[in-house]
Amino acid sequence: MSTIEKDAPALKSKLNKAEVKRQRVLLIVAGLYVVYGIIFYYLPLFGWIMAFQNYKLKDGIFGSQFVGFKWFKFLFDDKTFLRDLRNTLGMGVINLVATTVTAIGFAILLSEVRNVMGKKIVQTISYLPHFLSWIVVTSIVRDAFATKGMINELLQGLHIIKEPISYFMHTKYFWPIVAISNVWKETGWNAIIYLATITSIDPSLYEAAAMDGAGRWQKIKHITLPGIRSTIIILLIMNIGNVLNAGFEVQYLLGLGVLKPVSETIDIYVLNYGMANFSLGTAAGIFKTFIAMILIFLFNFIAKRAGEERLF
Amino acid sequence: MKSKKIIALALACTLSVGAFAGCAKKKSESISDWTMIAFMAGKELNEGNEIQEELAKKTGVRLKESWNTSQDVASAVGTMIASNDLPDLIDGGNGSKMLAEAGMLVAWDDYLAKDEYKNLKEMFSDKQWELFRQADGHIYWANVFGKTYGEPKSRGHNDEAFWVQVRVLEWAGYPIIETLDEYFDLLDSYAKANPVNADGVEVIPYTALCEGWRYFCVENAPEFLDGYPNDGSVIVNLDDPDNPKIEDYNVTPTAKMYFKKLNEVYNAGIMDPEFATMDYDTYIAKLASGAVLGMCDQNWDFAQINNTFIDKGYKELGYNYVPLGLVAEKGQTKNQWHAYADVPNVSSGIAVTTKCNDADKAFKFLNQMLDQEIHDLRFWGVKDVDYLVDENGLYYRTEEMRANWQNDAFRAKHVCNYSYLPQWGGTHRDGKNAMKPEDQESEFFATLSEPLKKAFDAYGYTSYGDFLRSEHITQLGFWYPMYSHSNDMDSTTDYGAAWLKMGDCKHEWLPVVITSKDFESDWAAYQAAYAECKPELFLAEMQKELDRRAALGK
C-alpha cells in the first residue's frame with residue numbers, strides 16, 4: 001500500500017554503530033529467525049543429493065551410489081506421475097479459486113450484517129470446521145455422499161434425481177467433492193483475514209458514498225472490493241505456491257480404487273512409490289518445489305505487470 | 001523450636017521411608033517393560049493383566065503390545081525408520097525388509113547357534129531357516145504362524161475362502177456348493193426369501209473389500225478357483241514337476257470368468273453397491289451387523305467379528321461363517337484352498353530391534369515363549385482357574401471358563417496370548433492335548449454354536465478345513481509361498497516398479513469391470529492397461545526366485 005512506499009526511504013538510513021545499537025533487540029530477534037531458517041529450511045536441502053543417488057538407508061548419503069538423473073527420468077517416463085501431477089494442479093487450482101471466492105463472498109456478506117451478536121455467532125460457528133481433522137471431515141463427507149446419504153436423500157426429495165447416485169464410483173464427481181469439502185472446512189477461517197481488512201477500511205469512505213447516493217451493492221463494488229484488493233492479491237500469490245500441496249489426507253482417505261485416476265496427488269504418489277525408495281521420493285519433492293517456484297514467480301510477475309501489490 | 005524439630009524429624013522419616021521404598025521397588029524392577037508393534041488389528045490388554053504379570057514374573061519381561069492397522073504397512077514402517085522411533089520387538093509385516101536394510105534389526109544367527117535358544121531353533125528346519133536369510137547373509141525374523149508341533153490337530157481354517165453364513169446352508173438343506181454359479185444362486189435365493197434380519201437389518205447377499213492391501217478379497221480368487229495354493233501373487237504351474245513355471249492368474253480364462261460373474265451379480269443387485277468405496281472399518285461393521293451373507297476373505301482378516309456375534313446373540317441365529325472351497329468347474333478335484341501343510345511366510349515375522357537395550361534377554365524371552373509351561377499359560381491359562389485336567393490328563397474347560405475366554409472384558413484383564421510371539425499349533429509336548437484350546441477336540445465342539453454344530457453334523461465334517469474339500473497335500477513345494485518374495489518388492493527395481501503398477505492398475509480397474517455395463521469392452525481395456533504395466537518383468541523375476549528356491553530345496 002502507499003504507506004509502505006512512503007516509509008521506504010526512511011528504512012534506507014545509514015547503517016552506523018549507533019543505529020545498530022539502537023536496533024540491537026530487533027537484530028537479535030531477526031538473527032534468531034535467520035538461524036532458524038538456515039537450520040530448518042536450508043540445511044535439509046543437502047538431502048536433495050539423495051535424488052541423484054540409489055539411496056540406501058544402510059549406506060547413507062555418503063555411501064550411496066550416484067545415478068545422475070535416473071529418478072527424474074523415471075518420473076517423466078511414468079504415466080502415473082504425470083497423471084498425478086495433473087490431478088494435483090487441477091485440484092489445487094479448483095480449491096484455491098473455490099476457497100478464495102467463497103471466503104471473500106462470505107466476508108463481505110458477514111461485514112454487511114448489522115446485528116453484532118448474530119455476526120459474532122455466525123463467524124464463530126463458520127470457522128469451527130477448520131479445527132476438525134481431515135479424518136473426521138472425510139467421514140462426514142463419506143456419509144453425506146453415500147448412496148443412502150444426506151445429499152442423495154435431499155436430491156431425491158426435491159425430485160432432482162430419481163435413483164441415488166454413488167458419488168464415489170464415478171471419477172467426475174471427485175474433484176467437486178474435494179472442492180466442496182475444502183470450502184466447507186475452510187471458508188469461515190479464510191474469511192477472517194478479509195473481514196479484518198474490511199474493518200480497517202476508512203468508514204468515512206462509506207459515509208461519503210452514502211451522501212452521493214450509493215446503495216449497498218455500489219458500496220461493496222466501489223469501496224469494499226477495491227479496499228481488500230491488495231490483500232486478495234498477496235494471499236493469492238502466497239497460496240499459489242501451495243497449489244501443489246493440493247492435498248494428501250482428503251484424497252488419500254476418499255480416493256479408493258476406481259477414483260485413483262483422478263484422486264492420486266503427487267504426495268500420494270510419493271507415499272506409494274517413494275516409501276522404500278527414498279531417492280524417487282526426493283526427486284518428486286524437488287520437482288514439486290521447482291514447479292511451485294515457477295508458479296510464484298509467474299504470478300508475482302503478472303501482479304507486477306498489472307501494477308498490483310506483490311510479494312517481491 | 002521444639003515443634004520445628006519434630007517436623008524436621010517427621011520429614012526426615014518420610015524421606016528415608018520414601019528412599020527405602022524406592023530401593024525395594026528397584027529390586028523388583030528387574031522386569032523390563034518393553035514395547036511391541038504388530039501391523040494387525042488387535043485388542044490392547046489392561047494394565048496389570050493377570051497372566052501378563054505372571055509371565056513377567058517368569059520371564060522378566062512385560063511386553064506392551066500395540067496394534068497398528070494402517071492400510072499401508074511399508075509407509076508406516078518407513079515413518080518409524082525415519083523418526084528412529086521403534087519398539088523393542090516388532091512384526092514389521094511388509095516393512096520387515098526395510099527395517100533389516102536400515103540396520104534396525106538384531107540378527108538371529110548367533111542365537112540360533114546356541115543351545116540356550118533351542119526352542120527358537122526348533123521352530124524351523126535348517127533348510128527353512130535358510131529361506132529367512134536376507135541378502136546380507138543374516139536372519140532377522142521368524143514367522144510365528146502356521147507351525148505344527150507333532151501330530152496336526154488344527155480344526156480351524158485361518159486362510160482364504162468364499163464364506164457363507166451357516167444359516168444360509170441350513171435354509172437350503174445343507175447342499176454341496178462347488179461353483180461360483182451355485183454359490184451366488186444360493187445367496188440370491190436366500191436373500192430373496194429372507195430380505196431382512198431379525199433385528200430389521202437389510203441383508204447384503206455378497207460384498208467384497210477393495211481397500212488398500214486388503215483388496216485380495218476381490219483380487220486373488222482366480223488362483224484358488226483354478227485349484228492352486230495361496231502363492232499370493234502368482235500361480236506355480238507344476239504340469240512338469242521338474243520345471244515349475246510361474247503363471248499370472250490375472251489373465252487366465254478363469255479370471256475373466258470370475259470377474260464376469262461378479263459383474264453379472266453386481267448388475268443383478270446381489271452384490272453390495274458400496275463394495276468399491278467402503279474402507280476396512282465399514283466392511284467390518286457390515287459383517288459384524290450380521291447383514292452380509294457371503295464374501296471372499298481370509299479368516300484372520302475378519303475373525304474379530306466373532307466376539308460381537310457372541311455379545312449380540314447372533315451366534316445362535318447362525319450368522320457365523322463357514323468356508324466354501326469353490327472351484328472353476330463343477331467336478332474339479334484340483335483344490336488347495338485349505339493348506340494341510342505348514343507354510344512359513346518368510347517375508348515377515350517377529351524381530352528384535354536395535355532399540356532393545358538387552359538383545360540377549362529379548363531372545364531368551366522369545367525362547368521362553370515356547371517353553372511348554374509358558375505356552376500353556378498363554379493359550380490355556382492358569383490351571384484350575386482357566387482349565388481343568390481330567391483323569392486321563394486331558395485339558396478341558398467348564399462352560400463358565402469358556403464364556404470367560406470369549407468375553408472381551410475378561411480377556412483384557414486376565415488373558416495374555418502375546419499372539420504375535422513364537423507359538424505352536426498341533427500337539428502338546430505331553431502327546432495328548434492340543435497346543436491351543438481351539439484345536440482340542442472337546443473344546444472345539446463345545447464352543448461351536450448350535451447352528452454350526454448342526455452343519456458339522458449334517459455334512460459329517462469334524463473341522464473347518466473339511467468344508468473346503470481340499471486335496472490332502474501335506475508337502476508343498478519348497479518355494480511356497482511365492483508371495484514372500486513379491487511382498488518385499490519396491491520401486492528401486494524395474495520388476496518392483498512393475499509389481500506396484502500392476503497393483504495400482506488392478507485397484508483401479510477391478511471395480512470398473514465389476515460395475516461395468518459393457519463387460520467385454522471394459523475387460524479388454526483393463527487387460528490392455530494391465531499389459532502396459534509390464535507384468536512380464538515381474539513374472540521373470542518371480543521365475544528367477546522360484547528357480548532359486550527350488551534349487552535350495554533339492
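We name chains A, B, ... by the order of the sequence lines, and we start the count at 1 in each one. The model shown is predicted, which means the values in this text are computed figures rather than measured ones.
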Can you tell me which portion of A:Tyr55 sits under 4.5 Å from chain B's heavy atoms? Options are side chain, backbone, both or neither. neither
Partners meeting side chain to side chain donor-acceptor pair (under 3.5 Å) with B:Lys97 (sequence neighbours left out): none
Which residues from residues 510-520 of chain B are near chain A, with near meaning under 4.5 Å between non-hydrogen atoms? B:Pro511, B:Val512, B:Thr515
Atom group of A:Thr147 that falls short of 4.5 Å from chain B, counting heavy atoms: both
Is the closest side-chain heavy-atom distance between A:Tyr273 and B:Asp504 below 4.5 Å? yes
What part of B:Met104 is in contact with chain A, defined as an atom under 4.5 angstrom from a non-hydrogen atom: side chain, backbone, both or neither? neither
Pairwise distance CE(A:Met169) to CZ(B:Phe275) - rounded to 0.5 angstrom: 5.0 Å
Among the options B:Ser491, B:Cys210, B:Gly503, B:Gly103, pick out the one with the most heavy-atom pairs lying under 4.5 Å from chain A. B:Ser491
If we define contacts as heavy-atom pairs under 4.5 Å, which of A:Thr80, A:Asn54, A:Leu280 has the most with chain B? A:Thr80
State, to 0.1 Å, how close A:Arg142 and B:Thr277 come at their nearest heavy-atom pair, and which atoms those are. NH1-O, 2.8 Å
What part of A:Asn272 gets closer than 4.5 Å to chain B, counting heavy atoms only: side chain, backbone, both or neither? both
Counting only non-hydrogen atoms closer than 4.5 Å, does B:Glu274 touch chain A with its backbone (N, CA, C, O), its side chain (CB onward), both, or neither? side chain
Please state whether the side chain, the backbone, both or neither of B:Thr79 comes within less than 4.5 Å of a heavy atom of chain A. both
Ranked by heavy-atom pairs below 4.5 Å to chain B, first place among A:Gly274, A:Gly255, A:Pro261 goes to A:Pro261
Please look at B:Lys501 and chain A and tell me whether the side chain, the backbone, both or neither of the residue comes under 4.5 angstrom of a heavy atom of that chain. both
